[in-house]
Amino acid sequence: MRSPRHFFEPLAVGAPTPLREVPFRPSRMIHFFDPSNAKMRAKLSALAETCDVLLGNLEDAVASDKKLEAREGFIQAAQETDFGRCQLWTRVNSLDSPWFLDDVERIVAEVGDRLDVLMIPKVEGPWDIHFVDRLLALLEARHGLKKPILVHAILETALGVANVEEIAGASPRMQGLSLGPADLAASRRMKTTRVGGGHPGYVVRADPNPEAPEAARPGYQQDLWHYTLARMVDACVANGILPYYGPFGDIRDTVACEDQFRNAFLMGCVGAWSLHPVQIGIARKVFSPPVDEVRWARRVIAEMGDGTGAVMIDGKMQDDATVKQCRVMVGLASMLAEGDPELSAAYGFDAD
Ligand code: GLV
Ligand code: MG
């Protein structure tokens, strides 16, 4: 462990000073694009108007004979596109792959100043983050970057889950974690063949009816990801970084996608990945606090005055703890409303 005294010192001579706080900007959807696809690249500035984050994916889903094209395409897109308020992230190949080193070296050299976050897949422990941390510091120093590049790790191996707290706290560069249910299922030897979501076999069965023991007993599908997501949220919040649900692979099942995203939102996540344009709108809807909840939360805050003591509002007891929950909701809503006049009006901020 580095001593707290040294934790925020640059890891290379001339590298920018690490940030003390993770910038909290809208990141409801991290929309993945394939940078090897020139047609897709041409649409990026239009897409940027609808997204909080655009991520050029270099890892899985890019065939090995397209890896170099994807890397060069990402660099070109970063140089030529106007992303407006939208953040630009990339997911590089895994640390043990033949592409990782050149991915990072080329991207930091060419477009390091345009990149908000570097997503690292298959992170297994703090040692992986330490390696990336030092490498980035050396490259930032070499290329004269003024602002540190932040790191986002995907939680997608059993060992990674076992070490999640240490990963979240491994470096001041850590911006957040995403749950990667597809690789995690494979790593854990789960008996599924899906990218996220539930499974009809993972159920709790209702007890038999003593009056009619032969009658059909309903089974209730459970959430396969609950434990991991909860653990990841705690690890993130305990370390001041942001938690995200990852991919939902059944693009046509917009209902189940919305449910999975909402479970993550309610559990504390700030966003999810979007793999298809149809999921952008789902993420925007789910990860923007509901209008009635925000209006209610504002009322609780107003009636609670200095936030101490207790009051009854519409028969519901409010105290320090509920007012704190309400402040989380309103804080998020006002941050999102800053760049979105429609949302701002819906939340009632315009009337203030
Ligand atoms: C994402 O990368 C996943 O493996 O689910
Ligand atoms: Mg994966």
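No experiment lies behind these values; they were computed from the predicted model shown.
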For the atom pair [atom1] ([X]) and [atom2] ([Y]), what is the distance rounded to the nearest 0.5 Å?
| X | Y | atom1 | atom2 | answer |
| --- | --- | --- | --- | --- |
| T50 | M29 | OG1 | CE | 7.5 Å |
| T90 | L54 | OG1 | CG | 11.5 Å |
| M267 | L179 | CE | CG | 10.5 Å |
| F248 | L275 | CZ | CG | 10.0 Å |
| L184 | K122 | CG | NZ | 11.5 Å |
| L68 | D102 | CG | CG | 8.0 Å |

Can you see which heavy atom on [X] is nearest to which on [Y], and at what distance?
| X | Y | result |
| --- | --- | --- |
| N57 | R91 | OD1-NE, 2.8 Å |
| P26 | V53 | O-CG2, 4.4 Å |
| L242 | P23 | CD1-O, 4.4 Å |
| A48 | C86 | O-CB, 3.5 Å |
| R205 | G219 | NH1-N, 3.5 Å |
| P16 | P10 | O-CB, 3.9 Å |

Q: Kindly state each residue pair satisfying ring-ring contact (aromatic ring centres under 6.0 Å, His included) with at least one member in residues 136-191, sequence neighbours excluded.
A: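 Sorted pair list: W89-H152, H152-Y244.
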Q: Report the hydrophobic cluster partners of F8, with the cluster defined as I, L, V, M, F, W, Y residues connected by side-chain heavy atoms closer than 4.5 angstrom, directly or transitively.
A: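 Besides F8, the hydrophobic cluster comprises F7, listed by chain and residue number.
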Q: Go through L118 and L150 one step at a time and tell me if the side chain to side chain contact (heavy atoms under 4.5 Å, CB included) criterion holds.
A: CA-CA 6 Å; L118 190 72; L150 298 178; over 6 Å; no
Q) Can you tell me if T228 and R188 form a side-chain donor-acceptor pair at under 3.5 Å? A)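 Yes, side-chain donor-acceptor contact under 3.5 Å.
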Polar side-chain atom of [X] near backbone of [Y] as donor-acceptor pair, under 3.5 Å:
| X | Y | answer |
| --- | --- | --- |
| E165 | A235 | no |
| T81 | F83 | no |
| N163 | E166 | no |
| S274 | I30 | no |
| D340 | L336 | no |
| T192 | R194 | no |
| E72 | A70 | no |
| Y220 | Q222 | no |

For a 4.5 angstrom cut-off between non-hydrogen side-chain atoms, does [X] reach [Y]?
| X | Y | result |
| --- | --- | --- |
| P243 | V233 | yes |
| W225 | M232 | no |
| F265 | V286 | yes |
| F74 | D103 | no |
| S288 | R28 | yes |
| I167 | E124 | no |
| Y347 | R295 | no |
| I241 | Q175 | no |

Same cluster or not: are [X] and [Y] linked, directly or through other Ile, Leu, Val, Met, Phe, Trp or Tyr residues, by side-chain heavy atoms under 4.5 angstrom apart?
| X | Y | result |
| --- | --- | --- |
| L19 | M335 | yes |
| L177 | F131 | yes |
| I129 | L101 | yes |
| L138 | V92 | no |
| Y202 | V195 | no |

Q: Under the salt bridge (Lys or Arg N to Asp or Glu O under 4.0 Å) rule, collect the residues that match up with R299, sequence neighbours excluded.
A: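 E303, D314.
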(Q) Please determine whether ring pair (Phe, Tyr, Trp, His ring centres under 6.0 Å) holds for the pair W273 and F32, giving the CA-CA distance in whole Å, both sets of side-chain angles, and the decisive distance to 0.1 Å. (A) CA-CA 7 Å; W273 300 5; F32 275 50; 4.5 Å; yes
Inspect the surroundings of [atom1] in [X] and state if more than 12 heavy atoms from other residues, nucleotides or ligands are less than 6.0 Å away.
| X | atom1 | result |
| --- | --- | --- |
| R85 | CZ | no |
| Q79 | CD | yes |
| R142 | CZ | no |

Could [X] and [Y] be called an ion pair, given the rule that one side-chain N must be under 4.0 Å from one carboxylate O?
| X | Y | result |
| --- | --- | --- |
| D116 | R25 | yes |
| E140 | K146 | no |
| D113 | K147 | no |
| R2 | D133 | yes |
| E80 | R41 | no |

Q | Working for side chain to side chain contact (heavy atoms under 4.5 Å, CB included), residues I154 and V123 | A | CA-CA 6 Å; I154 315 180; V123 170; over 6 Å; no
**Q.** Verdict with reasoning, K67 to N93, per side chain to side chain contact (heavy atoms under 4.5 Å, CB included)
**A.** CA-CA 9 Å; K67 292 286 187 191; N93 287 287; 2.7 Å; yes
Q: Go through Q87 and S27 one step at a time and tell me if the side chain to side chain contact (heavy atoms under 4.5 Å, CB included) criterion holds.
A: CA-CA 8 Å; Q87 296 182 54; S27 49; 4.2 Å; yes
